[in-house]
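Order of the sequence lines sets the chain letters (A, B, ...), proteins ahead of strands, with each chain counted from 1.
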Amino acid sequence: MSKQNSTRPVPQDQNKLIAQRREKLAQWRASGQAFPNDFRRDRLAAELHRRFGNRTIEELDEAAVPVKVAGRMIGKRVMGKASFAHLQDMSGRIQLFLRRDELPAEIYQQFKSWDVGDIIGAEGHVYKTQAGELSVRVSSIRLLTKSLRPLPEKYHGLADQEARYRQRYVDLIVNENTRRTFILRGRIIQSIRAAFNDRGFLEVETPMMQPIPGGAAARPFITHHNALDVDLYLRIAPELYLKRLVVGGFEKVYEINRNFRNEGVSTRHNPEFTMLEFYQAYADYHDLMDLTEELLRRLAAEVLDTQQLHYQGEDIDLRRPFARCTVRTAILEYNPQLSAAQLDDREAACSVAQHLDIDVQPHWGLGKLQLEIFEKTTEHRLRQPTFVTEYPKEVSPLARPKDGDPFVTERFELIIGGREIANGFSELNDADDQAERFRAQAAGKEAGDEEAMFYDADFIRALEYGLPPTAGEGIGIDRLVMLFTDAPSIRDVLLFPALRQ
RNA sequence: GGGCCGUUAGCUCAGCUGGUAGAGCAUCGGACUUUUAAUCCGCUGGUCCUAGGUUCGAACCCUAGACGGCCCA
């Protein structure tokens, strides 16, 4: 296909197929209103299958239930004086059965000239064919919208990845699996809302445009507000605003919305992606791990009707208790050649990292080195659901230090299929400690670390009013949907993934 | 940012060692009153991603670029 001119006007009648359809539309226009909007359907395809699918031919003939259906004609088989067509609506497909002699004069001739892809409305009664397929036996039928462009071939559908992403509307028309993925995505989000509402959480919305981007280590997008004449950042996380709400007394809050990170695109990264974040006062990271485990089981049961997932050829069982280990013990378990002493000494860890081809930066401390070693050697090997805990304080500037071991924090990540699904921790609610951590981050930024955090004075002020002991967590919705829909790329779970123009 | 692969009819794809491009489906015309990848007969349909270059001659070889896929950073 032509890639460069997607924003330029395309020449009309650029090929014969479109020209033929335009000619049909021109004739249709000449005969009256070509785009009528007064047809009302009273059934969806799935409803017909559900209610009448197991009735016999005789029962259906006897009842002769009148129905009106509408949708896109996705198949058409003309056999002379009788025809079959398939109509696709939001819920599924239903076959139409038409006989010339049962339709008003001329209508059957018109129907024969309509094209696969046209939007039609049909009225008739519920019927079952000799082959046993539930159908609507049509007594009248109308063309509601002429389709000017031919659909992809019915058997192979649309296979070209680029076309599927750029023209998602076509992908959705012809690829059942694509429809299924996005229906499932909607259900997952619906179930998440239900789960949090049931637990007494309040759904909130916090700024997407922030004067100080915070809550994560990432490069932000910058935009400008003309009237106020200020630069604003698209948020990289809602975290600092949600914690302000807990200070305000909303002790259980959650938000499902978009985050933006100005980084590369890959099968796991899109510049805008959807995140669930939630905060619960009077809880700690252990409580959140328990909650997360229950949440995933509930979602799977509600949405997939099973707790055994199949992801890219791998079985992932949510029924078994999720494994729990620390960053340090996980590294040692998966790297038997390493000793604890090598992980606990900066010079030794630095040498280990360099041998792993990690591009070690001089300002990295032991905590950052441990994290890099973990990500390089261990994370991708954690296939079954695993909570990895006790991330170093150095790489967790918003997390509460662990009592008795202040080198690490009360933080965890949930890894499934080698990928981070969730990240949560007991929140740092010591305003002075947080101010100190922000200063360290700001110093890192000065030194050239583009992902380091800004000092957010208002957030410190909020903490000074008192944040109750709180735990908070973020769950990447896109990655969760990938897992549940067996999608190899994040682009497969985004309706309109980011692509070059 | 790097490596590998890809881009040919509306769609899915062939196209050998460089000799002027093919199939299936769809479309169009015809037949057909229970088909469902309907069937049968006949006919259409091309910016071979773009721009240069090599060559008597380029879909094919070379260079640069665009877009996409996968992997790595």
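Exactly one of A/R258, A/R419, A/R185 qualifies for a salt bridge (charged side-chain N to carboxylate O under 4.0 Å, His left out) with A/D478. That residue is A/R185. Only one option out of A/I119, A/D118, A/D115 pairs with A/S147 in a side-chain contact (heavy atoms from CB on, under 4.5 Å); it is A/D118.
For A/R21 and B/C11, the CZ to P distance is 13 Å, given to the nearest whole Å. Put simply, CD on A/Q109 is 14 Å from C1' on B/U33, counting in whole angstrom units. Distance CD1 (A/I490) to P (B/G68): 16 Å, rounded to an integer number of Å. At whole-Å resolution of the value, NE2 in A/H156 and C1' in B/G24 are 8 Å apart. Between A/N15 atom CG and B/C11 atom C1' the separation is 12 Å, expressed in whole Å. As a whole-Å value, the separation of A/E162 CD from B/C5 P is 19 Å. Rounded to a whole Å, the CG atom of A/L499 is 14 Å from the C1' atom of B/A66. Per the geometry, OH belonging to A/Y127 stands 11 Å off P belonging to B/U35, to the nearest Å.
Which of B/A38, B/U33, B/A37 sits closest to the side chain of A/R77 comes down to B/A38. With distances taken from any side-chain atom of A/R491 to the nucleotides B/U36, B/U44, B/C70, the minimum falls on B/C70. Listed candidates were B/C32, B/U35, B/U12. Nearest to the side chain of A/E133 is B/U35. When distances are taken from the side chain of A/M79 to each of B/A37, B/C32, B/U36, the shortest belongs to B/C32. Side-chain atoms of A/L158 lie closest to B/U12 of the nucleotides B/U12, B/U33, B/U34. Listed nucleotides B/U33, B/G10, B/U35 differ in distance to A/T129; the shortest reach to its side chain belongs to B/U35. If you check B/U34, B/G68, B/C28 against the side chain of A/D115, the one that comes closest is B/C28. The side chain of A/L17 sits closest to B/G10 out of B/C28, B/G10, B/U36. Across B/C25, B/C67, B/U36, the shortest atom-to-atom separation from the side chain of A/E153 is found for B/C25. Here B/C70 is the nucleotide among B/U36, B/G10, B/C70 with the atom lying nearest to any side-chain atom of A/S489.
Residue A/G75 is out of contact with every strand shown, counting any heavy-atom pair closer than 4.0 Å. Looking at heavy-atom distances under 4.0 Å, A/K76 makes no contact with the nucleic acid at all. Within the nucleic acid shown, A/K128 has no heavy atom closer than 4.0 Å to any nucleic acid atom. Contacts of A/A159 with the nucleic acid, taken as non-hydrogen atoms under 4.0 Å apart, involve only primed sugar atoms and P, OP1 or OP2.
Residue A/L356 holds its CG atom at 7.5 Å from CG of A/L338, rounded to the nearest 0.5 Å.
Atom P of B/U34 sits at a distance of 34 Å from the matching atom of B/U12, rounded to the whole Å. Taking the C1' atoms as reference points, B/A73 lies 35 Å from B/A59, given to the whole Å. Taking atom C1' on both B/C60 and B/U55, the two are 13 Å apart, rounded to the nearest angstrom.
When the side-chain nitrogen and oxygen atoms of A/R500 are compared with OP1 and OP2 of B/A66, none of them lie within a distance under 4.0 Å. Proximity of A/K16 to the phosphate of B/A26: no side-chain N or O atom is located under 4.0 Å from OP1 or OP2. For A/R149, no side-chain nitrogen or oxygen approaches OP1 or OP2 of B/G10 to under 4.0 Å. Under 4.0 angstrom from either OP1 or OP2 of B/A26 there lies at least one side-chain N or O belonging to A/K154. Between B/C71 and A/T267, a contact under 4.0 Å exists linking OP1 or OP2 to a side-chain N or O.
In this structure B/U34 sits in no base pair that meets the Watson-Crick or G-U test at under 3.5 Å. Base pairing analysis places B/C48 opposite nothing; no Watson-Crick or G-U wobble pair with both distances below 3.5 Å involves it. Using Watson-Crick or G-U wobble geometry with both donor-acceptor distances under 3.5 Å, B/C25 finds its partner in B/G10. Look at B/G18: it lacks any Watson-Crick or wobble partner with both distances under 3.5 angstrom. Checking B/C61 for Watson-Crick or G-U wobble geometry (two distances, each under 3.5 Å) identifies B/G53 as its partner. Pair check for B/G1 finds B/C72; Watson-Crick or G-U wobble, both atom distances under 3.5 Å.
In this structure, the ring of A/F412 has its center no less than 6.0 angstrom from the ring center of A/F322.
Residue side chain A/Q95 reaches the base of B/U35 through a donor-acceptor N/O pair under 3.5 Å, judged by distance alone. A/R100 contributes no side-chain N or O that forms a donor-acceptor pair with the base of B/U33 under 3.5 Å.
At a threshold of 4.5 Å between non-hydrogen side-chain atoms, the residues A/V327 and A/L371 do not count as touching.
The pair A/D38-A/R142 meets the salt-bridge criterion, with a side-chain N (NZ, NE, NH1 or NH2) lying under 4.0 Å from an Asp/Glu carboxylate O.
For A/Q312 and A/D486, the side-chain atoms include at least one donor-acceptor pair closer than 3.5 Å.
Between the A/H49 side chain and the A/R93 main chain, a donor and an acceptor come within less than 3.5 Å of each other.
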